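Below is one structure; the comments refer to it alone.
What you are looking at is a predicted structure, and each value in this text was computed from that prediction instead of being measured. The sequence lines fix the lettering, A, B, ..., with proteins before strands; numbering per chain opens at 1. Side-chain atoms are counted along with the backbone in the values below, which use heavy atoms only and exclude waters and symmetry mates.
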There are 2 protein chains.
Amino acid sequence: MSRKPRVRSGGGITMHDVAKAAGVSAITVSRALNQPQLVSPPLRDKVLQAVDALGYVPSRSASALASARSRTVLVLIPSLGNTVFLDTLAGIEAVLAPAGYQMLIGNSHYDAEQELQLLRAYLQHRPDGLLLTGLSHAEPFDALLRQHALPAVYMMDLADDGRCCVGFSQEDAGAAITRHLLARGKRRIGFLGAQLDERVMKRLDGYRAALAAAGLSDPGLEWLDPSPSSMQMGADMLDAALRQRPDCDALFCCNDDLAIGALARCQQLGIAVPERLALAGFNDLQSAAWCTPSLTTVATPRRAIGEQAARALLRLMDGVPPETLRMDLGFELMLRRSS
Amino acid sequence: MSRKPRVRSGGGITMHDVAKAAGVSAITVSRALNQPQLVSPPLRDKVLQAVDALGYVPSRSASALASARSRTVLVLIPSLGNTVFLDTLAGIEAVLAPAGYQMLIGNSHYDAEQELQLLRAYLQHRPDGLLLTGLSHAEPFDALLRQHALPAVYMMDLADDGRCCVGFSQEDAGAAITRHLLARGKRRIGFLGAQLDERVMKRLDGYRAALAAAGLSDPGLEWLDPSPSSMQMGADMLDAALRQRPDCDALFCCNDDLAIGALARCQQLGIAVPERLALAGFNDLQSAAWCTPSLTTVATPRRAIGEQAARALLRLMDGVPPETLRMDLGFELMLRRSS
DNA sequence: TTGTATGCGTTATCAG
DNA sequence: CTGATAACGCATACAA
């Protein structure tokens, strides 16, 4: 009852072709490639030879369909334009690739709703696991994860509700850098914030807590703008801050981009840094060490976060409980000339 | 003859479940989702309702297997740590996503051999098309493309051999910035190069051509290092250059990272820029406008390259010949204080 | 250690 | 416009 055979595109070399060429059955080819130890050396060699000769490339779709494992991990990050997440991606890749997993990278543009759409879209690939940035996500997000029984690891921050996470305390980091500015004798320390995502707000919390502990709280020293951060924005915010509060003697910028812009503006205006105004950033981008004066900032273990998160996810995907549910990788103050 | 039903992971809601819930056949569900115009409105609504109610997510693997189209595009870039390629990725994504395609991103780390491995690995996903960085690739690369009948678009540079490409002339750009330095009255113009990939070497060619045309060739003014570029390396190369050739009066750095490092070093050493030494970079990164003095550089249409390359690829994948095989998007000199 | 039969979830083909 | 049926390429379960 065979109809007209379908015309298919593609190289079209399949496992059966290899099997025929090697004089074995298809399943032996499958095993020779995926579980070599189950195939006798002579047969295995013949198969591998045939694979090479024919230029056979296994089909991931067919494999995923048959095995219900896609060998794929979905990584959701808020931005591709930020070195922070690139370093994290590099760490993830370094761990996942040797384990045979491939990354699907989704860029949410710092938008929870878009992140949800991305999850929906990438769910079509049936990823075996998920690496997420931050702890809070749009509403049906966690429900979707449960429905699809997707193991997930949360990166960059620390949760206390049993979710597996790898990161550091954004709040502690914000507090620590603020205390450093206090220790330098600064008393009217301002905060410059852009983007205003979850992590920036936690740094702000830390900043507030440190000032409160010193009895120096002053809401009039906070400048917040939800638009994406840039050096231009840092320069503009510096202008605004000095105009409104000329008595301000230090600024903690929520990231290095902002800080570098502010620093450049100070140079242009002839404002003495750190004497008249101390500046601190966050993340320790490459440029931070190379601007003049060099920028005090907080170094974050981004690459390590990616690596450890990927390792934890590998365990989860294998059904093994992770060693630690909450992995605190800490941070480091980089004290330079700007403070 | 049914055996024990397989235990499957995943939400496990399939098209058949939706079909049952909507009281139609599976194929009608497929059509309601993929070719709505072929299904009567009432049925279509019932189906879509059932899809929502059940939280059905189609399986890309099954679809790809059945249709021989993965709706996936492989993007091969040399680095994720470089803003240049991020902007390009953003442009690509902006075009491909609305067209229903997803990107697979492969990072070759500037290594042709690794790039070839990546192609092999990602070929398992049977991508419908390929976006490549640069023109030259490891040996069996193009053969593989042909064997798998993969449409490809080459980004960042311009070919003359019939390959579809979107970019600009790296050589012309290198020559243009060199001529600018000449016009500023500089006579002993050096070249600082790192990474030494294809595009850097073409910029070097342009630099050499411009100097030769002015009768000012001087091989002793070239400093080349194959390791990855960084600001640190820019600073180190500046030291070396001034030690070996104190008469050098301008430097064209093959990218902005190098230039910014060199610039910072000049600041530290008290070298007057541009009077004693003029500096120029390449790419026009955000920082270039914000260092002191601001950096003269070459702005490249990275995002537009991504967009146009993606558009061209969409045409190729639809079997339509591209409007232009060779799309020159040009470049722009950003003349700032450092020259 | 190797092979046989079967099914994964979807779409192409062709018939109503 | 809708449906039945047969692939798509591979891996699981089981038998030999």
Using whole Å, report how far [atom1] of [X] lies from [atom2] of [N].
X      : N      : atom1 : atom2 : value
B:H16  : C:dT10 : NE2   : C1'   : 9 Å
B:R60  : C:dC8  : CZ    : C1'   : 18 Å
A:R69  : C:dC8  : CZ    : C1'   : 15 Å
B:R126 : D:dC10 : CZ    : C1'   : 11 Å
A:Y56  : D:dC10 : OH    : C1'   : 7 Å
B:I13  : C:dG9  : CD1   : C1'   : 13 Å
A:M15  : D:dT12 : CE    : C1'   : 13 Å
B:D17  : C:dC8  : CG    : C1'   : 13 Å

Residues that B:D161 engages under salt bridge (Lys or Arg N to Asp or Glu O under 4.0 Å), provided they are two or more places apart:
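Counting only residues at least two positions away or on another chain, B:D161 forms a salt bridge (Lys or Arg N to Asp or Glu O under 4.0 Å) with B:R163.
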
Of all pairs that satisfy salt bridge (charged side-chain N to carboxylate O under 4.0 Å, His left out), the ones with a partner from residues 28-42 of chain B, not counting sequence neighbours:
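Applying salt bridge (charged side-chain N to carboxylate O under 4.0 Å, His left out) to every pair that reaches into residues 28-42 of chain B, excluding sequence neighbours, yields nothing.
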
Any salt bridge (charged side-chain N to carboxylate O under 4.0 Å, His left out) involving residues 89-108 of chain A? Give me the pairs, sequence neighbours left out, ordered by first then second residue.
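Residue pairs with at least one partner in residues 89-108 of chain A: there are none.
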
Take the C1' atoms of the five end pairs on each side of the helix from C:dT1-D:dA16 to C:dG16-D:dC1, derive the two axes, and give their angle rounded to 10 degrees.
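Both end axes considered, the difference amounts to 30°.
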
Which atom pairs, one a donor and one an acceptor, fall under 3.5 Å between side chains of residues 35-48 of chain A and the rest of the protein, sequence neighbours left out?
none

State plainly whether the residues A:R199 and A:D157 are in salt-bridge range, i.e. N to O under 4.0 Å.
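No.
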
Between B:R71 and B:D128, does any NZ, NE, NH1 or NH2 come within less than 4.0 Å of an OD or OE carboxylate oxygen?
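No.
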
Please tabulate, one pair per line, all N/O donor-acceptor pairs under 3.5 Å involving side-chain atoms of residues 110-121 of chain A, not counting sequence neighbours.
residue, atom, partner, partner atom, Å
A:D111, OD1, A:E113, N, 2.8
A:D111, OD1, A:Q114, N, 3.2
A:E115, OE1, A:H137, ND1, 2.7
A:E115, OE2, A:H137, ND1, 3.2

If only side-chain N and O atoms of A:S59 are considered, is one of them under 4.0 Å from the OP1 or OP2 phosphate oxygen of D:dC10?
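Checking A:S59 against D:dC10: no side-chain N or O falls below 4.0 Å of OP1 or OP2.
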
Which side chain to side chain donor-acceptor pair (under 3.5 Å) pairs, counting each pair once, include a residue from residues 53-63 of chain B, with sequence neighbours left out?
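For residues 53-63 of chain B, and leaving out neighbouring residues, the side chain to side chain donor-acceptor pair (under 3.5 Å) pairs sorted by first residue read A:Q124-B:R60.
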
Below 3.5 Å, can you tabulate the donor-acceptor pairs from side chains in residues 301-311 of chain A to any protein atom, sequence neighbours excluded?
residue, atom, partner, partner atom, Å
A:R302, NE, A:D87, OD2, 2.9
A:R302, NH1, A:N283, O, 2.4
A:R302, NH1, A:T300, OG1, 3.2
A:R302, NH2, A:D87, OD2, 3.0
A:R303, NE, A:E307, OE2, 3.1

Give, ordered by number, those residues of residues 20-48 of chain B having at least one heavy-atom distance below 4.0 Å to an atom of DNA chain C; if nothing qualifies, reply none.
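Correct list: B:I27, B:S30, B:N34.
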
